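Heads up, the thing below is written out as structure tokens.
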Amino acid sequence: MEVVRPEFLPDPDRSREEMEDLQREIAATASFEDDFGFDVADVELGESPTDAPTAAESVGEQVTLTDGDAPVVVGVDQAFVGDDYSVSAAVAIRDGRVVERAAGRAELELPYIPGLLAFREGDAIVDALESLSVEPDVLVLDGSGRIHFRQAGLATHVGVLFDVPAVGVAKNLLCGTPREPLDDPLPEGARVAIEADDSMDVPDGTVVGYAYQSRQYPNPEQRHVNPLIVSPGHRVSAETTVDVVEATCTGYKLPAPTRLADQYADDLKD
DNA sequence: GCGACAG
DNA sequence: ATCTTGTCGC
């Protein structure tokens, strides 16, 4: 795929103030409403934990063998080789099958700075996505989208760069306030809205994402799983973001596209 | 000044 | 993110 907003490339040589200004521009360009051409219900479940038949098969529905109509979901994740460079892996999935994998790499020029993650990892991600030949219907990135001080987290930055629908999936909350406390274990499937607080650029109370309990143990009192923190990147609403993530979480905490990109990135290290 | 902060 | 084995509980 191709960068369509090169003026938004995450140049790590900019000053911190320039980076933040760029993020405000990106947020102003981003759309946090549904604007894509596929049906979330057509996102086929990824590979199952076992050799069990897919959900559709076990219900006895006829599996459509025609390729090309099911949405292409692309998971993106990074791994690091010391402090020198990062590798980015993009794994494209359609109908629960891997249809393409792409790799990218870039020198690390910045330390990790909360709020500026895209300037540390962006180059490698762009490198990987530029070498991807299929056109993704939606990207699943590791990190925040709209849950960000200036509404321009990694998922928003990358989504706007390529003008492609994108969602962010994080394991921890960067900012914002959950409508309900997340301390106690949530039941599987639970969704808790994340509202903007005064550390953010948006009016207080704006729903900028959700905590989503993709998986939970039968007895959460003794051992429980933390919820995912999901937020829209670009061209997807907060609610639809959860729908997309839910459709790709197949028996594990993390979405299948993310897990596959994660393991591919690890392989790229050696 | 202190705390809080995706990966 | 990364350095790393076993271990507890489903």
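Keep in mind that what you see is a predicted model, and the values were worked out from it rather than measured. Letters A, B, ... mirror the listed sequences (proteins, then strands); counts begin at 1. Quick note: numbers below take in every heavy atom, side chains included, and nothing from hydrogens, waters or symmetry partners.
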Exercise. Are the ring centres of A/Phe162 and A/His234 closer than 6.0 Å?
Worked result: no

Exercise. Under 5.5 Å between ring centres and under 30° between planes: does that hold for A/Tyr112 against the base of B/dG7?
Worked result: yes

Problem set entry | Whole-Å gap separating P (B/dC5) and CD1 (A/Ile229) | 12 Å

For this session: Report the distance from atom CG of A/Leu268 to atom P of C/dA1, rounded to the nearest whole Å.
Result: 16 Å

Seminar exercise, completed: Of A/Pro218 and A/Asp262, the one whose nearest nucleotide on DNA chain C sits closer to the 5' end is A/Asp262

For this session: Take atom CD of A/Glu121 and atom C1' of C/dT2, then tell me their distance rounded to the nearest Å.
Result: 13 Å

Exercise. Which part of the nucleic acid, if any, lies within contact of A/Leu116, taking any heavy atom under 4.0 Å across all strands shown: a base, the sugar-phosphate backbone alone, or nothing?
Worked result: base

Exercise. With respect to the side chain of A/Arg120, which nucleotide from B/dC5, B/dG7, B/dA6 is positioned closest?
Worked result: B/dG7

Exercise. Are A/Val87 and A/Val98 co-members of a hydrophobic cluster defined by side-chain heavy atoms under 4.5 Å apart?
Worked result: yes

Problem set entry | 5'-most by nearest nucleotide on DNA chain C - A/Tyr217 or A/Lys269 | A/Lys269

For this session: Measure from the side-chain N and O atoms of A/Glu188 to the backbone N and O of A/Gln216, and report whether any donor-acceptor pair falls under 3.5 Å.
Result: yes

For this session: Please check the phosphate of C/dG9 (OP1 and OP2 only) for any side-chain N or O of A/Asn219 closer than 4.0 Å.
Result: no

Exercise. Which of residues 73-88 of chain A sit near DNA chain C, with a heavy atom under 4.0 Å from it?
Worked result: A/Ala79, A/Phe80

Exercise. Taking atom P of B/dC5 as reference, at what distance in whole Å does atom CG of A/Leu174 sit?
Worked result: 9 Å

Problem set entry | Nearest-angstrom distance from the residue atom CD1 of A/Ile147 to P of B/dG7 | 11 Å

Exercise. From C/dC10, C/dT2, B/dC5, pick the nucleotide closest to the side chain of A/Pro114?
Worked result: B/dC5

Problem set entry | Integer-rounded Å distance: C/dG9 C1' and A/Arg215 CZ | 11 Å

For this session: Take atom CD of A/Glu2 as the centre, draw a 6.0 Å sphere, and report whether it contains more than 12 heavy atoms from other residues, nucleotides or ligands.
Result: no

Problem set entry | Sub-6.0 Å ring centroid separation between A/Phe36 and A/Phe38 | yes

Problem set entry | Whole-Å gap separating P (C/dC3) and CG (A/Asp270) | 11 Å

Exercise. When you check the gap from the basic side-chain N to the acidic O, do A/Asp142 and A/Lys171 get nearer than 4.0 Å?
Worked result: no

Exercise. Going by atom types alone, do A/Ser88 and A/Glu121 pair a side-chain donor with an acceptor below 3.5 Å?
Worked result: no

Problem set entry | Length of the CZ-C1' vector between A/Arg150 and B/dA6, whole Å | 13 Å

